[in-house]
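First the structure, in the form of structure tokens, and then the observations on it.
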Amino acid sequence: MRFSRAYIPTTKESPKDAQLPSHIYLARGGFVAQVAAGLYNFLPLGKRVLRKIETIINEEMAACDAQEVDLSFVTPAELWQESGRIEKFGKELLRFRDRKENLFVLGPTHEEMMVSIVRNRVNSYKQLPLNLYQIKTKFRDEARPRFGLMRGREFVMKDGYSFHASTDDLDREFEAMEAAYKRILERLGLEFRIVEADSGAIGGTGSKELMVLAQSGEDTLAVCDTCEYGANVEAARRAQRSVIPEAPQADFARFKTPDVKSIEELSHFFHIDPYYTLKAVVKRAVYTQGSELVCFFIRGCDELQEVKARNSVGAIDLVDASEAELREIGLVAGFVGPLDQDNIRMVMDNDTRNASSMICGANEADYHFVGVDLSVMGEVVFADLVTVQEGDGCPHCGGKILHTKGIEVGHIFKLGTVYSAPLKAEFLDENGRSQPFIMGTYGMGVSRLVAAVIEQHHDDKGCIWTHATAPYLVNVMISNIKEESHVAYAEELYGTLQKKGIETILDDRKERFGFKMSDAELIGFPFTVIVGKELANGQAQILIRKTKEILTVDKDAVVSTLQGLMG
RNA sequence: CGGGGCGUAGCUCAGUAUGGUUAGAGUACUUGGUUUGGGACCAAGGGGCCGGAGGUUCGAGUCCUCUCGCCCCGACCA
């Protein structure tokens, strides 16, 4: 490609709404342009990067015998009614009617459609397993799109679905997909972590997220400093506490604690470690039908993890409860405890099982119980409710847990029969019995990966594309196009590189040196060959974008040097 | 969806408290010239329904009402 003929609208200034490096540099470098909230046009350079990522995904999927399909983007709402997700998805699902007044939705994900193309066509275990995927634009009417390509409303996603006759076979495929996803991210040149995760509203097990590590990531990860363990904080576990603070000495008693409400005040009042206090967090749990107040009890030194709490009661949402709501059921905010009351549904954190020497609210204003032994409680529901904190022990090796940020670029999990059962997608097993397909699902955010590469690989000048993602690997820059000998050499080099199959752009624009250099750095070509002054000595220079290193090499050695650098 | 902010040239923004020449700057663009290793300089140009609709007024970018859009914080997010 000749730069003089390319459409690469770079700008010196960044759009005012851009915050993240990926957003700023992709916009400034002329890769994408915003159309409306959460909607972006991909310009030539952006499209090339997108296609490169898609190609790598396609290659790795082919290696696993997964087959690419292309499902219609507009899907009949009926399918969504059948699966029951039309309500669950809510306003994120864009719906509209056609001229005949039939209701349709724009696909935000394609479980329903994928199941529908397989059901009634695959009807024997002999036709299984099957792994189908597509790379396609999705639409989710996000309440608040942000961060450029990171969280758009329209985005490109690879979504794959596998169908199996047994859970063993699903397990095998799941591992193969995890390995394939790992290879994809490695080939893209990304630093990432595969972490345990919550399956979300959709349900399922074995949920794993692929996280590209970057400070700007929207997800917090708990990772072990010693072993491979990593998890989204929404799902992270921890080892039993190894160091337990010294227990306070006290017999069971009701104690006057005027205006002592918070855990901090309580531990200060009694001069004890918050470990021995019981924190009560009351939330209104919202279910598909109805809602109720629930009190979650955790140790005072812990924080409630809302996703875990929500899962523990099967709620679709938790909202803060007001003091008035508490009063209505006879509880006093700041003094809620599990003893002597059955006003509210209670869930206790696993770490409070049989806890003793505890201090908890007495369900009466200005009173707490001390010396409480929780093992005296009758039937109690326990669950893991707490947020794993930095410094906690790794559940696998006992190493130390650290927090880090990640960008979710992939999510794989085992669906089982969550969709196939309600949609009645069944096959006959070896015994002639009808069974719903056992399914797995494998998603990867393709357009988000474009942004993730830049979040992880940029500097104050612009993008630094990895070799696998660069729109062009080599930029041959002519410092001054008025120098005929320079132009002649650059043209020849450009031709040679192209013949060798190396994606090259020739910067033959009538611009000054500095302007072209800034563009080269902003766009982020891995290598820029500077054809200029040095040619008088029979030399050219190679700028390595990543290290900013400039190699001066003999003009006849440029191609071989580049090939060496590309490895 | 709650709270806040902003819509003026392709882009980044002045101008709006107090209505009044022909609506500005920087940058980008065009032409000519000088330059030619880090977004250079000089000169001359083109480019605007001041988001939209209605109103007040002799007169509205500026005041009032209503709308639409975009951004930020939060809630939400397979």
Side-chain angles (χ1 to χ4, degrees), chain A residues 9-20 23-24 27-28 30 33-39 80 83 85 88-93 107-112 114 138-148 150-153 155 157-161 197-204 207-209 218-219 232 234 286 306-307 310 316-320 408 410-415 418-419 439-445 448 461-462 477-483 486 509-522 528 530-536 540-541 543 548 550 552:
Chain A
T10 58
T11 59
K12 206 190 295 191
E13 278 179 293
S14 51
K16 61 174 176 187
D17 45 315
Q19 317 272 318
L20 294 190
H23 192 181
I24 292 169
R28 283 190 51 205
Q34 181 168 5
V35 189
L39 305 181
W80 287 76
S83 70
R85 278 212 297 182
K88 217 169 194 171
F89 237 94
K91 284 196 172 174
E92 265 186 46
L93 190 62
T109 169
H110 285 195
E111 281 81 3
E112 285 85 354
M114 203 62 91
K138 305 283 188 277
F139 191 90
R140 290 184 194 176
D141 202 355
E142 292 272 356
R144 182 144 102 89
R146 59 188 123 175
F147 303 141
M150 206 70 96
R151 179 174 290 283
R153 290 191 294 171
F155 56 98
M157 181 167 86
K158 176 264 172 184
D159 53 327
Y161 308 87
D198 180 62
S199 316
I202 216 171
S207 180
K208 287 189 179 176
E209 289 170 336
E218 292 188 80
D219 289 279
N232 193 308
E234 293 176 355
V286 181
E306 286 222 14
V307 173
R310 197 199 308 155
I316 54 172
D317 195 18
L318 292 183
V319 292
D320 289 343
E408 181 191 344
H411 194 176
I412 59 177
F413 55 100
K414 299 173 184 177
L415 283 174
V418 173
Y419 286 93
M439 295 175 58
T441 179
Y442 319 97
M444 188 167 258
R448 182 179 279 184
K461 301 252 196 235
M477 191 194 94
I478 307 169
S479 302
N480 181 357
I481 61 161
K482 287 188 179 163
E483 295 284 347
H486 296 188
R509 292 176 299 171
K510 188 186 166 206
E511 296 288 352
R512 292 167 64 88
F513 178 82
F515 186 91
K516 291 188 184 185
M517 280 296 278
S518 297
D519 262 3
E521 284 161 336
L522 172 62
T528 292
I530 303 166
V531 179
K533 279 181 176 173
E534 307 293 330
L535 203 61
Q541 290 167 307
L543 166 70
K548 292 185 181 168
I550 294 182
T552 302

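Below, chain A is the first sequence line, B the second, and so on; all start at residue 1. Since this is a predicted model, take the numbers as computed values, not measurements.
For the C1' atoms, the distance from B:rU36 to B:rC13 is 32 Å, rounded to whole Å. Distance check on atom C1': B:rG46 versus B:rG54 gives 34 Å, rounded to whole Å. Only the C1' atoms considered, B:rG59 is 16 Å distant from B:rU22, to the nearest whole Å. Taking atom C1' in both B:rC70 and B:rC11, one finds a spacing of 15 Å when rounded to whole Å. Look at the C1' atom in both B:rA9 and B:rG45: the space between them is 15 Å, to the nearest Å. Comparing B:rG32 with B:rA17, their P atoms are spaced 45 Å from each other, to the whole Å. For the C1' atoms, the distance from B:rG19 to B:rC63 is 8 Å, rounded to whole Å. Of the P atoms belonging to B:rC66 and B:rU62, the separation is 16 Å, rounded to the nearest Å.
In this structure, CZ of A:Arg146 is placed 16 Å from C1' of B:rG5, rounded to the nearest angstrom. In this structure, A:Arg151 places its CZ atom 14 Å from P of B:rC71, rounding to the nearest Å. Remark: P of B:rG74 and CD of A:Glu142 are 15 Å apart, rounded to the nearest angstrom. Put simply, CE on A:Met157 is 16 Å from P on B:rC77, counting in whole angstrom units. The nearest whole Å value for the distance from the CG atom in A:Leu39 to the P atom in B:rC71 is 9 Å.
The side-chain hydrogen bond (donor to acceptor under 3.5 Å, both in side chains) check on A:Thr528 picks up A:Asn475, with sequence neighbours excluded. Residues passing the side-chain hydrogen bond (donor to acceptor under 3.5 Å, both in side chains) test with A:Glu92: none are found, sequence neighbours excluded. With sequence neighbours excluded, the residues satisfying side-chain contact (heavy atoms from CB on, under 4.5 Å) with A:Ser14 are A:Ile24, A:Arg28.
At distances below 3.5 Å, not a single donor-acceptor pair connects side-chain atoms of A:Tyr442 with backbone N or O atoms of A:Gly410.
For the pair A:Glu483/A:Ile478, no side-chain contact is recorded, criterion being any heavy-atom separation below 4.5 Å from C-beta on. Residues A:Glu218 and A:Phe147 have side chains in contact (heavy-atom distance under 4.5 Å, counting atoms from C-beta outward).
Residue contacts shown for A:Ala143 include a base, since a base heavy atom lies under 4.0 Å away. Within 4.0 Å (heavy atoms only), A:Asp159 reaches no atom of the nucleic acid at all. As judged by a 4.0 angstrom heavy-atom cut-off over every strand, A:Gln34 is placed among residues touching the sugar-phosphate backbone only.
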Whether each nucleotide of nucleotides 9-14 of chain B has a protein heavy atom under 4.0 Å at its base (B), only at its sugar-phosphate (S) or at neither (-) is summarised, 5' to 3', as --BSS-
Under a 4.0 Å heavy-atom criterion, the protein footprint on nucleotides 30-38 of chain B, written with B, S and -, is -----BBBB
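Mapping A:Met444 and A:Val35 onto RNA chain B by nearest heavy atom places A:Val35 at the nucleotide closer to the 5' end.
In this model, no side-chain donor or acceptor of A:Arg144 finds a partner on the base of B:rC72 within 3.5 Å.
Looking only at atom types and distance, the side chain of A:Ser207 has a donor-acceptor partner in the side chain of A:His411 under 3.5 Å away.
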Q: Start with the C-alpha distance between A:Arg146 and A:Asp17, add both sets of side-chain angles, then the distance that settles salt bridge (Lys or Arg N to Asp or Glu O under 4.0 Å), and finish with yes or no.
A: CA-CA 9 Å; A:Arg146 59 188 123 175; A:Asp17 45 315; over 6 Å; no
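In secondary-structure terms, RNA chain B builds stems of at least 3 consecutive Watson-Crick or G-U pairs, each pair having both distances under 3.5 Å, at B:1-7 with B:68-74, B:10-13 with B:24-27, B:29-34 with B:40-45, B:51-55 with B:63-67.
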